[in-house]
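Naming convention: chains lettered A, B, ... in sequence-line order (proteins, then strands); numbering from 1 in each chain. Because the structure is predicted, anything quoted here is derived from the model rather than measured.
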2 protein chains.
Amino acid sequence: MMSYNIDVCQYRDMKTRKLTNPCCSPLLAGAIEPESAAEMATLFRVLGEPARLQLLGLIAQQPEGEICACDLVEPLGLSQPTVSHHLKVLYEAGLLDKERRGTWIYYRLVPEPFERLRAALAIPQIPQP
Amino acid sequence: MMSYNIDVCQYRDMKTRKLTNPCCSPLLAGAIEPESAAEMATLFRVLGEPARLQLLGLIAQQPEGEICACDLVEPLGLSQPTVSHHLKVLYEAGLLDKERRGTWIYYRLVPEPFERLRAALAIPQIPQP
DNA sequence: CACCAATATTGATGATTATCGATATTGGTA
DNA sequence: TACCAATATCGATAATCATCAATATTGGTG
(Lines give C-alpha, C1' and ligand atoms only; values in the text may rest on other atoms or scores of the structure.)
Protein backbone atom coordinates (compact mmCIF):
# COMPACT_ATOMS: atom_id res chain seq x y z
CA MET A 1 0.00 0.00 0.00
CA MET A 2 1.41 3.35 -1.01
CA SER A 3 2.15 5.74 1.78
CA TYR A 4 3.55 9.22 1.95
CA ASN A 5 4.05 12.17 4.20
CA ILE A 6 1.04 14.40 4.51
CA ASP A 7 0.71 17.33 6.76
CA VAL A 8 -2.01 17.33 9.37
CA CYS A 9 -3.26 20.55 7.96
CA GLN A 10 -2.65 19.76 4.33
CA TYR A 11 -4.20 17.50 1.81
CA ARG A 12 -2.97 15.93 -1.40
CA ASP A 13 -5.35 15.85 -4.29
CA MET A 14 -5.57 12.26 -5.49
CA LYS A 15 -5.78 13.30 -9.10
CA THR A 16 -3.44 16.23 -9.54
CA ARG A 17 -1.05 15.09 -6.81
CA LYS A 18 -0.83 18.66 -5.68
CA LEU A 19 -0.88 19.71 -2.07
CA THR A 20 -3.65 21.97 -1.00
CA ASN A 21 -4.37 23.41 2.39
CA PRO A 22 -7.73 22.50 3.86
CA CYS A 23 -7.06 25.07 6.55
CA CYS A 24 -7.77 27.59 3.89
CA SER A 25 -10.59 25.67 2.29
CA PRO A 26 -13.85 27.52 1.91
CA LEU A 27 -16.04 25.76 4.41
CA LEU A 28 -14.36 25.53 7.75
CA ALA A 29 -11.55 27.97 7.36
CA GLY A 30 -13.23 31.30 7.35
CA ALA A 31 -16.02 33.43 6.08
CA ILE A 32 -17.72 32.04 3.03
CA GLU A 33 -19.07 34.11 0.24
CA PRO A 34 -22.72 33.29 -0.27
CA GLU A 35 -22.12 32.05 -3.82
CA SER A 36 -19.44 29.64 -2.73
CA ALA A 37 -21.65 28.46 0.10
CA ALA A 38 -24.46 27.86 -2.36
CA GLU A 39 -22.28 25.74 -4.63
CA MET A 40 -21.01 23.62 -1.82
CA ALA A 41 -24.43 23.34 -0.24
CA THR A 42 -25.76 21.97 -3.49
CA LEU A 43 -23.28 19.11 -3.34
CA PHE A 44 -24.03 18.38 0.28
CA ARG A 45 -27.74 18.46 -0.38
CA VAL A 46 -27.29 15.90 -3.11
CA LEU A 47 -25.51 13.67 -0.60
CA GLY A 48 -28.20 14.27 1.99
CA GLU A 49 -30.40 11.48 0.73
CA PRO A 50 -30.08 7.90 1.97
CA ALA A 51 -30.95 6.39 -1.39
CA ARG A 52 -28.23 8.39 -3.11
CA LEU A 53 -25.67 7.43 -0.49
CA GLN A 54 -26.58 3.80 -1.03
CA LEU A 55 -26.13 4.25 -4.76
CA LEU A 56 -22.70 5.76 -4.26
CA GLY A 57 -21.76 2.96 -1.91
CA LEU A 58 -22.85 0.32 -4.37
CA ILE A 59 -20.91 1.91 -7.20
CA ALA A 60 -17.78 2.36 -5.08
CA GLN A 61 -18.03 -1.27 -4.10
CA GLN A 62 -17.54 -2.55 -7.63
CA PRO A 63 -14.07 -3.89 -8.36
CA GLU A 64 -14.35 -2.55 -11.91
CA GLY A 65 -15.39 0.81 -10.51
CA GLU A 66 -18.58 0.78 -12.48
CA ILE A 67 -22.02 -0.76 -12.34
CA CYS A 68 -24.96 -1.13 -14.65
CA ALA A 69 -27.98 0.95 -13.71
CA CYS A 70 -30.05 -2.17 -14.09
CA ASP A 71 -28.28 -3.67 -11.08
CA LEU A 72 -29.11 -0.74 -8.84
CA VAL A 73 -32.89 -0.92 -8.72
CA GLU A 74 -33.31 -4.13 -6.78
CA PRO A 75 -30.82 -3.51 -3.94
CA LEU A 76 -32.32 -0.09 -3.28
CA GLY A 77 -35.86 -1.35 -3.02
CA LEU A 78 -37.21 1.65 -4.87
CA SER A 79 -39.03 1.91 -8.17
CA GLN A 80 -37.05 2.16 -11.39
CA PRO A 81 -38.14 5.77 -12.06
CA THR A 82 -37.05 6.80 -8.58
CA VAL A 83 -33.64 5.20 -8.97
CA SER A 84 -33.30 6.79 -12.39
CA HIS A 85 -34.14 10.13 -10.81
CA HIS A 86 -31.49 9.79 -8.12
CA LEU A 87 -28.87 8.76 -10.65
CA LYS A 88 -29.71 11.81 -12.69
CA VAL A 89 -29.34 14.08 -9.65
CA LEU A 90 -25.96 12.54 -8.86
CA TYR A 91 -24.86 12.81 -12.47
CA GLU A 92 -25.91 16.42 -12.85
CA ALA A 93 -24.16 17.29 -9.62
CA GLY A 94 -20.97 15.96 -11.20
CA LEU A 95 -20.60 13.10 -8.75
CA LEU A 96 -21.14 10.37 -11.33
CA ASP A 97 -20.02 9.66 -14.85
CA LYS A 98 -22.11 7.52 -17.15
CA GLU A 99 -21.43 5.59 -20.30
CA ARG A 100 -23.93 3.94 -22.54
CA ARG A 101 -22.99 0.50 -23.83
CA GLY A 102 -25.84 -0.85 -25.88
CA THR A 103 -29.00 -0.88 -23.88
CA TRP A 104 -27.18 -0.55 -20.59
CA ILE A 105 -25.77 2.48 -18.89
CA TYR A 106 -22.79 2.17 -16.62
CA TYR A 107 -22.10 4.58 -13.81
CA ARG A 108 -18.85 5.34 -12.03
CA LEU A 109 -17.71 7.81 -9.40
CA VAL A 110 -16.03 11.10 -10.25
CA PRO A 111 -13.35 11.51 -7.58
CA GLU A 112 -12.74 15.27 -7.63
CA PRO A 113 -15.93 16.58 -6.05
CA PHE A 114 -15.59 14.10 -3.20
CA GLU A 115 -12.06 15.26 -2.58
CA ARG A 116 -13.16 18.84 -2.71
CA LEU A 117 -15.80 18.20 -0.09
CA ARG A 118 -13.27 16.34 2.03
CA ALA A 119 -10.98 19.32 1.92
CA ALA A 120 -13.81 21.64 2.79
CA LEU A 121 -14.65 19.61 5.88
CA ALA A 122 -11.13 19.79 7.28
CA ILE A 123 -11.11 21.71 10.52
CA PRO A 124 -8.28 24.16 10.98
CA GLN A 125 -5.92 22.98 13.70
CA ILE A 126 -4.14 26.31 13.83
CA PRO A 127 -5.92 29.60 14.34
CA GLN A 128 -6.10 31.82 11.30
CA PRO A 129 -3.59 34.68 11.25
CA MET B 1 3.50 22.50 11.56
CA MET B 2 3.13 18.94 12.74
CA SER B 3 3.44 16.30 10.08
CA TYR B 4 3.32 12.53 10.09
CA ASN B 5 3.05 9.52 7.90
CA ILE B 6 -0.43 8.70 6.81
CA ASP B 7 -1.45 6.06 4.38
CA VAL B 8 -3.23 7.10 1.24
CA CYS B 9 -5.99 4.80 2.19
CA GLN B 10 -5.95 5.51 5.88
CA TYR B 11 -6.99 8.38 8.00
CA ARG B 12 -6.06 9.55 11.49
CA ASP B 13 -8.85 10.80 13.71
CA MET B 14 -7.90 14.25 14.94
CA LYS B 15 -9.38 13.62 18.35
CA THR B 16 -8.59 10.05 19.25
CA ARG B 17 -5.37 9.95 17.24
CA LYS B 18 -6.34 6.51 16.07
CA LEU B 19 -5.92 5.35 12.52
CA THR B 20 -9.03 4.34 10.72
CA ASN B 21 -9.44 3.12 7.21
CA PRO B 22 -11.61 5.26 4.97
CA CYS B 23 -11.50 2.45 2.44
CA CYS B 24 -13.78 0.68 4.82
CA SER B 25 -15.81 3.73 5.73
CA PRO B 26 -19.53 3.42 5.21
CA LEU B 27 -20.10 5.74 2.30
CA LEU B 28 -17.71 5.08 -0.50
CA ALA B 29 -16.30 1.74 0.48
CA GLY B 30 -19.11 -0.65 -0.14
CA ALA B 31 -22.75 -1.42 0.37
CA ILE B 32 -24.36 0.68 3.02
CA GLU B 33 -27.04 -0.50 5.34
CA PRO B 34 -30.05 1.74 4.95
CA GLU B 35 -29.86 2.83 8.61
CA SER B 36 -26.26 3.88 8.29
CA ALA B 37 -27.08 5.71 5.08
CA ALA B 38 -29.91 7.50 6.81
CA GLU B 39 -27.68 8.69 9.65
CA MET B 40 -25.04 9.99 7.32
CA ALA B 41 -27.59 11.51 4.98
CA THR B 42 -29.00 13.46 7.90
CA LEU B 43 -25.63 15.07 8.48
CA PHE B 44 -25.13 15.86 4.82
CA ARG B 45 -28.61 17.30 4.58
CA VAL B 46 -27.84 19.62 7.48
CA LEU B 47 -24.78 20.80 5.58
CA GLY B 48 -26.80 21.20 2.41
CA GLU B 49 -27.92 24.69 3.24
CA PRO B 50 -25.92 27.81 2.29
CA ALA B 51 -26.88 29.70 5.43
CA ARG B 52 -25.67 26.86 7.63
CA LEU B 53 -22.40 26.58 5.74
CA GLN B 54 -21.88 30.29 6.23
CA LEU B 55 -22.55 29.88 9.94
CA LEU B 56 -19.99 27.09 10.18
CA GLY B 57 -17.47 29.17 8.28
CA LEU B 58 -17.97 32.14 10.54
CA ILE B 59 -17.56 30.04 13.65
CA ALA B 60 -14.47 28.27 12.32
CA GLN B 61 -13.00 31.64 11.49
CA GLN B 62 -12.89 32.79 15.11
CA PRO B 63 -9.45 32.64 16.70
CA GLU B 64 -11.08 31.70 20.00
CA GLY B 65 -13.02 28.99 18.23
CA GLU B 66 -16.29 30.40 19.39
CA ILE B 67 -18.69 33.17 18.54
CA CYS B 68 -21.69 34.80 20.10
CA ALA B 69 -24.97 34.08 18.36
CA CYS B 70 -25.64 37.79 18.42
CA ASP B 71 -22.76 38.31 15.99
CA LEU B 72 -24.14 35.87 13.47
CA VAL B 73 -27.38 37.54 12.48
CA GLU B 74 -26.02 40.54 10.65
CA PRO B 75 -23.38 38.84 8.44
CA LEU B 76 -25.94 36.29 7.28
CA GLY B 77 -28.51 38.85 6.26
CA LEU B 78 -31.35 36.74 7.58
CA SER B 79 -33.83 37.38 10.35
CA GLN B 80 -32.94 36.51 13.92
CA PRO B 81 -35.51 33.69 14.14
CA THR B 82 -34.13 32.14 10.97
CA VAL B 83 -30.56 32.24 12.21
CA SER B 84 -31.71 30.82 15.52
CA HIS B 85 -33.41 28.02 13.64
CA HIS B 86 -30.30 27.14 11.66
CA LEU B 87 -28.16 27.16 14.79
CA LYS B 88 -30.62 24.78 16.41
CA VAL B 89 -30.48 22.43 13.44
CA LEU B 90 -26.69 22.43 13.54
CA TYR B 91 -26.68 21.92 17.29
CA GLU B 92 -29.15 19.06 17.22
CA ALA B 93 -27.17 17.39 14.47
CA GLY B 94 -24.19 17.41 16.81
CA LEU B 95 -22.15 19.75 14.66
CA LEU B 96 -22.14 22.59 17.17
CA ASP B 97 -21.69 22.96 20.90
CA LYS B 98 -23.21 25.88 22.73
CA GLU B 99 -22.59 27.53 26.07
CA ARG B 100 -24.67 30.14 27.73
CA ARG B 101 -22.76 32.98 29.39
CA GLY B 102 -25.22 35.46 30.77
CA THR B 103 -27.54 36.65 28.09
CA TRP B 104 -25.28 35.47 25.32
CA ILE B 105 -24.87 32.03 23.84
CA TYR B 106 -21.56 31.02 22.34
CA TYR B 107 -21.26 28.40 19.66
CA ARG B 108 -18.25 26.31 18.64
CA LEU B 109 -17.61 23.45 16.24
CA VAL B 110 -17.65 19.82 17.30
CA PRO B 111 -14.81 18.22 15.31
CA GLU B 112 -15.81 14.55 15.31
CA PRO B 113 -18.78 14.57 12.94
CA PHE B 114 -16.79 16.55 10.40
CA GLU B 115 -13.99 14.05 10.57
CA ARG B 116 -16.44 11.20 10.25
CA LEU B 117 -17.88 12.73 7.12
CA ARG B 118 -14.41 13.30 5.76
CA ALA B 119 -13.60 9.67 6.26
CA ALA B 120 -16.83 8.65 4.61
CA LEU B 121 -16.00 10.67 1.52
CA ALA B 122 -12.64 9.00 1.00
CA ILE B 123 -12.62 7.07 -2.23
CA PRO B 124 -11.00 3.65 -2.09
CA GLN B 125 -7.78 3.60 -4.09
CA ILE B 126 -7.56 -0.16 -3.99
CA PRO B 127 -10.37 -2.45 -5.14
CA GLN B 128 -12.18 -4.28 -2.40
CA PRO B 129 -11.16 -7.93 -1.92
C1' DC C 1 -40.62 -3.51 -39.86
C1' DA C 2 -42.33 -5.43 -35.07
C1' DC C 3 -41.13 -6.54 -30.50
C1' DC C 4 -38.75 -6.39 -26.15
C1' DA C 5 -35.75 -4.78 -22.43
C1' DA C 6 -33.42 -0.82 -20.27
C1' DT C 7 -33.79 3.77 -19.24
C1' DA C 8 -35.88 8.40 -19.04
C1' DT C 9 -39.67 11.58 -18.62
C1' DT C 10 -44.17 13.22 -17.18
C1' DG C 11 -47.60 14.47 -13.85
C1' DA C 12 -49.45 14.13 -9.43
C1' DT C 13 -49.15 13.81 -4.43
C1' DG C 14 -47.53 14.07 0.11
C1' DA C 15 -43.80 15.44 3.14
C1' DT C 16 -40.30 18.36 4.47
C1' DT C 17 -38.50 22.83 5.32
C1' DA C 18 -36.66 27.72 4.88
C1' DT C 19 -38.39 31.93 5.94
C1' DC C 20 -40.70 35.55 8.32
C1' DG C 21 -43.52 38.42 11.81
C1' DA C 22 -45.30 38.06 16.16
C1' DT C 23 -44.67 36.55 20.57
C1' DA C 24 -42.63 34.05 24.45
C1' DT C 25 -38.72 33.10 27.39
C1' DT C 26 -34.52 33.97 29.67
C1' DG C 27 -31.05 36.65 32.17
C1' DG C 28 -29.16 40.91 33.69
C1' DT C 29 -29.91 45.36 35.76
C1' DA C 30 -31.94 49.21 37.98
C1' DT D 1 -40.57 44.64 41.05
C1' DA D 2 -40.18 46.67 36.13
C1' DC D 3 -37.55 46.97 32.00
C1' DC D 4 -34.44 45.74 28.29
C1' DA D 5 -31.59 42.86 25.28
C1' DA D 6 -30.63 38.19 23.56
C1' DT D 7 -32.59 34.10 22.23
C1' DA D 8 -36.23 30.74 21.30
C1' DT D 9 -40.75 29.31 19.84
C1' DC D 10 -45.11 29.65 17.31
C1' DG D 11 -47.92 29.76 13.21
C1' DA D 12 -48.31 30.50 8.49
C1' DT D 13 -46.69 30.33 3.77
C1' DA D 14 -44.18 29.19 -0.19
C1' DA D 15 -40.85 26.28 -2.27
C1' DT D 16 -38.48 22.08 -2.80
C1' DC D 17 -38.44 17.31 -3.51
C1' DA D 18 -38.91 12.07 -3.00
C1' DT D 19 -41.90 8.90 -4.68
C1' DC D 20 -44.86 6.40 -7.71
C1' DA D 21 -47.74 4.83 -11.89
C1' DA D 22 -48.10 5.65 -16.49
C1' DT D 23 -45.90 6.57 -20.57
C1' DA D 24 -42.16 7.77 -23.72
C1' DT D 25 -37.63 6.91 -25.62
C1' DT D 26 -33.74 4.33 -26.93
C1' DG D 27 -31.19 0.35 -28.67
C1' DG D 28 -30.86 -4.41 -29.91
C1' DT D 29 -32.80 -8.40 -32.24
C1' DG D 30 -35.61 -11.15 -35.10
(Q) Less than 4.0 angstrom between a side-chain N/O of Arg52(A) and OP1 or OP2 of dA18(D), yes or no? (A) yes
Q: State whether the distance check finds a donor on one side and an acceptor on the other, under 3.5 Å, for side chain Gln80(A) versus base dA6(C).
A: no
Q: Compare the minimum distances between each of dT19(D), dA22(D), dC20(C) and the side chain of His86(A), then state the nucleotide with the smallest one.
A: dT19(D)
Q: Determine: side-chain N/O of Ser79(B) to OP1/OP2 of dC20(C), distance under 4.0 Å, yes or no.
A: yes
**Q.** Cation-aromatic face contact Arg100(B)/Tyr106(B), 6.0 Å, 45 degrees
**A.** no
**Q.** Exceeds 12 heavy-atom contacts within 6.0 angstrom, atom CD of Glu99(A)
**A.** yes
Q: Return the 5'-most residue of the pair Arg100(B), Thr103(A) with respect to DNA chain C, ranking by each residue's nearest nucleotide.
A: Thr103(A)
Q.
By nearest atom, which of the nucleotides dT9(C), dA18(D), dA8(D) is closest to the Ser84(A) side chain?
A. dT9(C)
Q) What does Arg101(A) touch in the nucleic acid at a heavy-atom separation under 4.0 angstrom: a base, only the sugar-phosphate, or nothing? A) nothing
Q. Counting side-chain heavy atoms from C-beta on, which of dT9(C), dG27(D), dT19(D) comes nearest to Leu78(A)?
A. dT19(D)
Q: Kindly point out which of dA8(D), dT19(C), dT9(C) is positioned nearest to the side chain of Thr82(B)?
A: dT19(C)
Q | Under 4.0 angstrom between His85(B) side-chain N/O and dA18(C) OP1 or OP2 | A | yes
Q) Closest to the Ile105(B) side chain: dT7(D), dA18(D), dT9(C)? A) dT7(D)
**Q.** Sugar-phosphate, base or nothing in reach of Tyr107(B), heavy atoms under 4.0 Å
**A.** sugar-phosphate
Q. Between Lys98(B) and Tyr107(B), is NZ or CZ placed under 6.0 angstrom from the six-membered ring centre and within 45° of the ring axis?
A. no
